[in-house]
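So the structure is just underneath, and the comments pick up after that.
Quick note on labels: first sequence line is chain A, next is B, and so on, each numbered from 1. Here the structure is a predicted model, which means the values were calculated and not measured.
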There are 2 protein chains.
Amino acid sequence: MTGLTDRQRDIIQVAIRIISRKGIQELTIRNLARDLGITEPAIYRHFQSKSDILAAMLEYLHRDTIAIFDQVQDGESALDRLRDYFSRLFERLRENPATAAVVFSDEAFMNDDRLAATVRALVELTIDNTTNLLTLARENGEIRADVDEYDLATMLAGGVRLLVRRWHMSGNGWDLAAQGRSVIETFVKLVEVPR
Amino acid sequence: MTGLTDRQRDIIQVAIRIISRKGIQELTIRNLARDLGITEPAIYRHFQSKSDILAAMLEYLHRDTIAIFDQVQDGESALDRLRDYFSRLFERLRENPATAAVVFSDEAFMNDDRLAATVRALVELTIDNTTNLLTLARENGEIRADVDEYDLATMLAGGVRLLVRRWHMSGNGWDLAAQGRSVIETFVKLVEVPR
DNA sequence: GAGGAGTTAGTTATCGATCACTAACTTTGT
DNA sequence: ACAAAGTTAGTGATCGATAACTAACTCCTC
């Protein structure tokens with residue numbers, strides 16, 4: 001369904017792990033081959049170029065993020081769905097902290113137009129999802145209507161991004177989900193219309 | 001006072017410009033020399049290593065950010081000082097858009113412990129400044145007291161960071177100060193205690 | 001079911017390009 | 001005349017990528 005072989009998936013996972021632990025500068029074909037336990041040319045049996053590996057990696061993360069949004073329950077209130085969405089994002093990061101690092105390696109993809117566009121789309125996805133839920137919340141009358149919802153989405157998504165960045169920089173040394181929940185609840189408290 | 005020669009300042013400015021336009025991957029001694037109009041070894045007359053150039057660049061940005069915070073007027077209310085602070089940050093970015101790019105190249109400094117610590121401190125600086133102003137605002141009774149101010153600082157600083165990132169990614173194609181003001185005012189509207 | 005043909009996934013060895021950096025020499029300004 | 005700031009010419013290391021080859025497995029034909 002994803003169009004990837006098992007071996008291609010292996011390579012992507014190892015690539016993500018390298019980026020997570022050592023930064024994207026350390027993601028070389030050499031290091032990738034070493035961690036996979038094969039030689040460098042063998043990698044080219046599975047991907048035509050390093051750029052293709054990165055593209056597949058970004059596409060994988062993109063699909064994964066879409067899947068998370070799709071899992072968010074339908075019946076709840078928009079604010080509950082917002083809580084659910086970020087809770088699931090935090091859960092994924094806890095299970096696979098490596099994914100966080102990739103999203104903060106934007107700059108590394110600037111050279112390659114295709115990769116730059118993909119990583120940009122990946123970042124925008126979370127913002128768009130947030131904006132959509134906030135629009136729904138306003139339509140439902142769950143949040144105050146006297147503030148721009150795009151500004152709200154910017155603050156919420158930006159705040160969570162900053163939190164994840166600091167968590168990643170700290171070596172994942174604290175409970176992201178707990179801190180994240182605190183930020184989300186603070187946000188909800190600010191925008192919620194008392195019922 | 002800064003301990004830098006004129007030539008060292010030239011080099012830092014050109015380095016910042018390269019990072020801004022092409023990303024940190026393109027910041028090589030070769031490209032730096034070419035843009036400066038001299039040969040590569042000449043650079044080593046002014047800095048002992050590439051790492052030293054990056055360290056000096058980060059230190060320069062750090063001093064600059066501190067200077068901006070110090071310029072914020074004293075007499076106003078804490079919320080007005082907050083507005084003033086971010087307004088000055090946006091103004092600096094408008095005058096020198098290159099500085100934005102550097103702060104988003106965190107990952108590039110991960111290899112070098114000294115650089116990593118410096119860039120981390122640079123990012124924390126804005127958050128700390130924001131937190132301090134929010135603490136003051138609460139003490140003055142300007143903002144509601146039922147929300148965690150560290151969460152507030154995370155959302156505000158994170159939101160602004162995200163905004164700046166998108167502005168940079170768009171090739172500085174729109175008015176950052178105007179969009180930034182909108183985010184700040186939305187934030188103020190959320191936290192302000194009606195008087 | 002035996003045996004060639006083709007495929008898959010690896011190997012060793014090597015390529016040209018580029019990286020940060022250096023030694024030795026020359027030019028320039030005071 | 002001397003020091004600062006430039007030059008030419010080169011270093012070893014590492015980058016992504018390729019050529020040539022091989023072991024192991026599958027598939028097709030008779």
Atom pair CG/CZ of A/D70 and A/R63 - distance to nearest 0.5 Å: 12.5 Å

For atom CZ of B/R7 and atom C1' of C/dG29, their distance in whole Å: 15 Å

Touch class at under 4.0 angstrom, heavy-atom based, for A/T39 against every strand present: base

Atom-to-atom span, CD1 of A/I43 to C1' of D/dT18 - whole angstrom: 14 Å

Euclidean distance, A/F109 CZ relative to A/D112 CG, rounded to 0.5 Å: 9.5 Å

Residues A/R161, A/F104; criterion side chain to side chain contact (heavy atoms under 4.5 Å, CB included); working and verdict: CA-CA 9 Å; A/R161 250 183 88 87; A/F104 292 106; 3.7 Å; yes

Separation of C/dA23 C1' from B/E40 CD (nearest whole Å): 15 Å

Rounded distance in Å - CD (A/Q48) to C1' (D/dA17): 12 Å

Length of the line joining A/E26:CD and D/dT14:P, which is rounded to integer Å: 11 Å

Under 4.0 angstrom between B/H46 side-chain N/O and D/dA4 OP1 or OP2: no

Test: A/R30 and A/E40 ion pair at under 4.0 Å: yes

Closest to the B/I38 side chain, choosing from D/dT7, C/dC21, C/dG10: D/dT7

Integer-rounded Å distance: D/dA4 P and B/D6 CG: 15 Å

Mutual orientation of the aromatic rings belonging to A/W174 and A/W167 [parallel < 30°, tilted 30-60°, perpendicular > 60°]: perpendicular

Sugar-phosphate only, base, or nothing, as touched by B/R30 at under 4.0 Å among non-hydrogen atoms: base

Per A/P41 side chain, nearest of listed nucleotides D/dA20, C/dT12, D/dA17: C/dT12

Gap between atoms CG and C1', on A/L27 and D/dT14 respectively (whole Å): 15 Å

Gap between atoms OH and C1', on A/Y44 and C/dG10 respectively (whole Å): 15 Å

Closest-nucleotide 5' rank along DNA chain D - winner of A/S51 and A/R45: A/S51

